[in-house]
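Quick caveat: nothing in here was measured; it's all calculated off a predicted structure. As a basis for the values below, the full set of heavy atoms in this structure was taken, side chains included, without hydrogen atoms, waters or symmetry mates.
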Amino acid sequence: MDGPYISGDRIDWVKVKCVQRAHLVVVGYVPQSGGTVAALRLARQQGSELVYAGKVGTGFSAKSGAEVRKKLEPLMRKAAALSKPLKKTDTVWVEPRFEADVGFLEDTGDALRHPSFKGLKER
């Protein structure tokens, strides 16, 4: 820790990222060709309301993306189950019956920075 910083490749310095995790309510998905998902639309539970928290579009394998879509397709609804309306024409809105386990670097309050899908569970 007391060594000076020197630019370039070094073996005595280690870069560490502080990854946080959260369980967020799935309120919709962006479909992708091939029967999988391109992204999930997420919300935070605040009291009795669901507040939009952003989307997660990485962390899916072809298999996990197809499994998630298969679980969400029967839950389709006309509008988002959010406290404030949200227009996203690429999104299929669903009943909020699942939570996504999401890893991220920072929560700005409006969105998550560098979110990554880790799993899905029933609420």
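With sequence neighbours excluded, the residues forming a ring pair (Phe, Tyr, Trp, His ring centres under 6.0 Å) with F60 are F117, listed by chain and number.
Looking at F98 and E122, their side chains come closer than 4.5 Å, going by heavy atoms from C-beta outward. Proximity of L42 to V56: side-chain heavy atoms (C-beta onward) are separated by under 4.5 Å at one or more points.
Among pairs with a residue in residues 39-52, those fulfilling side-chain hydrogen bond (donor to acceptor under 3.5 Å, both in side chains) read R41-Y52, R41-D90, R41-T91, R44-D107, Q45-R123, at least two apart in sequence or across chains. A side-chain hydrogen bond (donor to acceptor under 3.5 Å, both in side chains) check over residues 74-89, counting only residues at least two apart or in different chains, returns the pairs R77-E95. Counting only residues at least two apart or on different chains, the side-chain hydrogen bond (donor to acceptor under 3.5 Å, both in side chains) pairs with a member in residues 56-70 are S61-S64, R69-E73.
Contact record, L82 with V51: CD2-C, 4.2 Å, taken as the closest heavy-atom pair. Contact detail for K118 and G103: the closest heavy-atom pair is CG-N, 3.8 Å.
Hydrophobic clustering, with ILVMFWY side chains joined whenever heavy atoms are under 4.5 angstrom apart, groups F104 together with L120. A single hydrophobic cluster is seen to contain both M76 and L72, as judged by linkage of ILVMFWY side chains at heavy-atom distances under 4.5 Å, directly or through other members.
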Using residues 16-37 as the side-chain source, report each donor-acceptor pair under 3.5 Å to any protein atom, sequence neighbours left out, with the distance given to one decimal.
from: Q20; atom 1: NE2; to: L105; atom 2: O; distance (Å): 3.2
from: R21; atom 1: NE; to: D101; atom 2: OD1; distance (Å): 3.3
from: R21; atom 1: NH2; to: D101; atom 2: OD2; distance (Å): 2.5
from: T36; atom 1: OG1; to: A66; atom 2: N; distance (Å): 3.4

